[in-house]
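To start, the structure itself, in structure tokens.
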Amino acid sequence: MMRIRLHWKILVATVLPLLLLTAAALFTSNRSISEQAQRTIREDLVRSATVFEDMMATRSEELTIASQVIVQDPKFFSVLTLPVPANDPELRATAEGVAADFNAITQADLFIVFDGTGHPVASVGRVPLGDRAWKELVDEVRDGGSRSRILVDGGRHFQVTVTAVRAGNRPVGALLLGAEIGRGLAERLRSLTRSEVTFVSGANVTGSTLSSEDRARLVAALADRVTSGAPEGVVFEVQGARTTYLTVARSIQGSDPGQAQVFAMQRSLEAETAFLGPMRLALIEIGFVAVLVSLVVGYAISRGVTAPVRSLVRGAQEMERGNYDYPLEVRGGDEVGYLTLRFREMRQQQRVYVKSLEEVVRLRGEFIDVASHELRTPLSILKGYLELLSQKRLGPLTPNQEEAVTAMEGSVAALTRIAEDAYRVAQIQSERLVLSPFAHDPTSAVEEGVERARVAGRDRGVKVHVERGDEVEEIVADRARLVEAVYHLVSNGIRFTPDGGEVRVRANREGEGIAIRVSDTGVGIAREKLGKLLARSFVLRDSIHHHSSSRLEFRSSGLGLGIPIARGVAEAHGGRLTAESVPGQGTTFVLWIPRGVSEEEAAA
């Protein structure tokens with residue numbers, strides 16, 4: 001049963017990644033090709049729209065140049081300066097004849113000549129223009145020059161240019177040349193850009209290469225985009241009668257923005273991506289072959305690896321139970337055989353190593369217990385005799401003897417503190433720190449820890465302030481250990497702050513616990529050293545520059561146990577110790593303690 005399970009696990013582990021990789025490759029390839037195809041179509045549509053706009057700009061320049069050349073021709077100019085009324089039949093006939101001669105060259109759809117009052121005297125273009133469509137444009141050129149515009153008349157679009165004809169400072173007439181923007185232009189653009197082209201004026205189509213049904217759907221889609229305030233010139237989809245069109249629509253250059261004069265260029269998405277069908281089929285065939293190959297290879301690998309791996313697994317299980325003698329056969333000289341041989345040798349080395357570690361742990365525990373007892377007992381005796389001497393119960397003391405007793409008391413107190421700190425660090429590193437949590441006000445613990453640090457640093461000119469933050473709630477924590485952690489953090493701030501500086505302590509609610517911030521204005525800590533300082537096993541090992549001190553002299557290093565103790569106290573409560581520092585400006589330590597710990601965490 002175990003062989004079958006392992007066989008299928010190896011088969012799945014071998015084949016499944018290949019299947020997933022194949023599927024991901026096929027999916028990614030198909031999606032990339034599809035996205036690239038659509039991106040290409042969209043870019044082509046934008047380029048096609050730019051081609052049309054360039055064409056319109058070129059045609060406008062051509063109309064302007066042609067009109068300026070014609071109005072300067074003496075033959076044309078003389079017709080408008082004849083001293084006869086504008087409605088004279090002979091004048092109209094002469095003007096139409098001259099206009100026909102010039103239009104034979106320009107081939108304009110609109111060719112209209114106006115007199116000095118703005119009334120037409122000749123119109124020889126192939127398309128008639130309404131009476132009012134040109135009036136405002138003719139009035140604009142009375143002072144001279146040319147004007148280009150898009151005109152709409154009778155459901156048609158025209159690109160027109162009006163040029164003034166002046167005799168001295170007096171207007172004697174004007175010439176209007178125009179080209180229709182309709183189906184002919186749409187057909188020409190389709191041949192150039194391979195796009196369907198439609199010109200729309202409001203809700204009317206003035207020229208298009210689409211079917212009537214697709215035109216109606218395009219007009220409705222354009223109206224919806226105008227209503228929704230969609231940006232102009234963005235490629236969007238329009239559902240046609242038989243296909244989906246990628247569409248770009250822009251206002252016709254030179255048209256009145258209030259008249260909704262628009263041109264739209266479209267590409268059939270299905271037609272443009274038809275080549276993807278055979279490509280997808282080829283990808284599926286490749287994927288099918290890859291799946292078959294993966295299954296065959298995976299089955300072969302699983303059958304070949306199952307037996308020796310099962311033996312190794314059984315050996316590992318026995319080693320976990322403490323049995324280091326389970327037989328392991330070395331089959332062949334391949335990688336699995338080599339692994340089995342190395343595993344067997346490693347197992348013997350592991351047995352020796354585990355036994356040695358167990359012995360080291362046992363000896364360390366015994367040493368800590370014995371050393372703690374051996375240090376505390378003589379220290380207690382020394383403290384007792386020093387108290388008797390200082391209280392003169394063993395007889396009077398000379399001034400020199402009293403000074404010696406005072407010095408001894410300080411040294412014994414320092415030695416006691418060092419022993420306690422070393423024992424606490426040993427408890428933390430061996431995860432044997434036992435907490436006695438109970439509900440209390442953390443503010444009093446903070447103040448007690450600060451006061452202890454003040455006493456230790458009473459010879460220093462560093463001010464220690466306890467700031468009142470938000471009112472904190474009671475927490476369930478070991479008060480003695482919390483006082484100890486605060487004391488070490490504040491002492492560290494005093495030690496590395498020059499005289500005249502200050503240390504500020506503040507306790508606030510933060511999340512589901514309290515945050516005790518200890519900030520100093522001291523020398524600060526470099527970033528690379530700050531990480532080492534907060535490391536779990538950090539202790540001071542620089543014996544050359546070590547400076548022992550029973551007080552908190554500036555930059556005296558001590559044993560470097562304060563920060564590890566504070567961090568260990570925080571972690572034992574399920575909290576954390578973090579720090580921020582700027583060299584030359586100071587350091588801020590943040591001791592975060594949760595409001596309560598579970599019984600299991602407290603026991604740990």
Side-chain angles (χ1 to χ4, degrees), residues 410 413-414 417-418 420-421 425 442-470 472 481-508 510 514-535 538-542 544-570 575-593:
R417 185 181 71 253
I418 292 173
E420 290 292 336
D421 290 347
V425 170
T443 304
S444 62
V446 171
E447 291 176 347
E448 183 176 341
V450 171
E451 186 59 32
R452 285 180 54 187
R454 279 200 186 106
V455 172
R458 58 182 176 271
D459 297 333
R460 294 291 315 284
V462 178
K463 296 181 180 180
V464 181
H465 305 280
V466 179
E467 299 180 347
R468 295 295 179 182
D470 301 334
V472 295
R481 300 286 78 78
L482 184 58
V483 169
E484 189 175 13
V486 173
Y487 161 74
H488 282 297
L489 292 178
V490 177
S491 297
N492 187 78
I494 296 173
R495 189 187 301 273
F496 292 98
T497 300
D499 289 345
E502 59 183 18
V503 177
R504 294 185 178 275
V505 184
R506 183 186 183 93
N508 285 323
E510 186 174 295
I514 66 164
I516 302 171
R517 285 177 168 77
V518 180
S519 302
D520 62 59
T521 58
V523 297
I525 307 171
R527 179 177 298 181
E528 60 275 9
K529 294 184 178 180
L530 189 62
K532 295 180 181 179
L533 180 63
L534 294 175
F538 175 81
V539 293
L540 179 65
R541 295 186 176 91
D542 188 1
I544 297 177
H545 300 93
H546 176 70
H547 173 66
S548 180
S549 174
S550 59
R551 297 291 183 182
L552 300 180
E553 283 87 351
F554 178 54
R555 304 193 80 161
S556 59
S557 57
L559 288 176
L561 303 180
I563 301 303
I565 291 175
R567 185 190 61 250
V569 170
R576 59 184 178 272
L577 178 67
T578 58
E580 295 179 355
S581 183
V582 178
Q585 298 183 20
T587 305
T588 297
F589 285 93
V590 181
L591 180 72
W592 185 83
I593 302 293

Legend entry - Close side-chain approach of V466 and R454, heavy atoms under 4.5 Å: yes
Legend entry - Approximate separation, where rounding is to 0.5 Å, of T588 OG1 and L489 CG: 11.0 Å
Inset, instruction - Taking all heavy atoms of V462 and all of I494, pick out the closest pair and write down the distance. - result: CG2-O, 4.3 Å
Inset, instruction - Can you sort out the partners of T587 under side-chain hydrogen bond (donor to acceptor under 3.5 Å, both in side chains), two or more places apart, ordered by chain and number? - result: S581
Legend entry - Separation between CZ of R452 and NE2 of H488, rounded to the nearest 0.5 Å: 7.0 Å
Legend entry - Residues which pass side chain to side chain contact (heavy atoms under 4.5 Å, CB included) with A515, listed by chain and number, not counting sequence neighbours: E510, R517, V590, W592
Legend entry - Gap between atom OG1 of T443 and atom CD1 of I514 - 0.5 Å precision: 7.5 Å
Legend entry - Closest approach of A526 to P583 (non-hydrogen atoms, all atoms of both residues): CA-CG, 4.0 Å
Inset, instruction - List in chain and number order the residues that pass salt bridge (Lys or Arg N to Asp or Glu O under 4.0 Å) with R504, two or more places apart in sequence or in another chain; answer none if no residue qualifies. - result: E467, E502
Inset, instruction - Applying side-chain hydrogen bond (donor to acceptor under 3.5 Å, both in side chains), name anything that partners S444, two or more places apart in sequence or on another chain. - result: R479
Inset, instruction - Kindly write out the residues that satisfy side chain to side chain contact (heavy atoms under 4.5 Å, CB included) with V523, not counting sequence neighbours, or none if the list is empty. - result: F496, F554, R555
Legend entry - Contacts of Q585 that satisfy side-chain hydrogen bond (donor to acceptor under 3.5 Å, both in side chains) - sequence neighbours left out: none
Legend entry - Atom of L591, atom of A485 and distance for their closest heavy-atom approach: CD2-CB, 3.9 Å
Legend entry - Under the salt bridge (Lys or Arg N to Asp or Glu O under 4.0 Å) test, residues paired with E580 that sit two or more places apart: none
Inset, instruction - Specify the closest pair of heavy atoms between A570 and I593, including all atoms of both residues, with the distance to one decimal. - result: CA-CD1, 3.8 Å
Legend entry - Nearest-0.5 Å distance that lies between atom NZ in K463 and atom CG in D499: 12.0 Å
Inset, instruction - Answer yes or no: is there a side-chain heavy-atom contact under 4.5 Å between V450 and V503? - result: no
Inset, instruction - Heavy atoms only: give me the nearest I525-L530 pair and the separation to one decimal. - result: CG2-N, 3.7 Å
Legend entry - Rounded distance [0.5 Å steps], CG in L482 versus CD in E448: 9.5 Å
Legend entry - Atom of I516, atom of V505 and distance for their closest heavy-atom approach: CG2-CG1, 4.2 Å
Legend entry - Sequence-distant partners of T521, side-chain hydrogen bond (donor to acceptor under 3.5 Å, both in side chains), two or more places apart: none
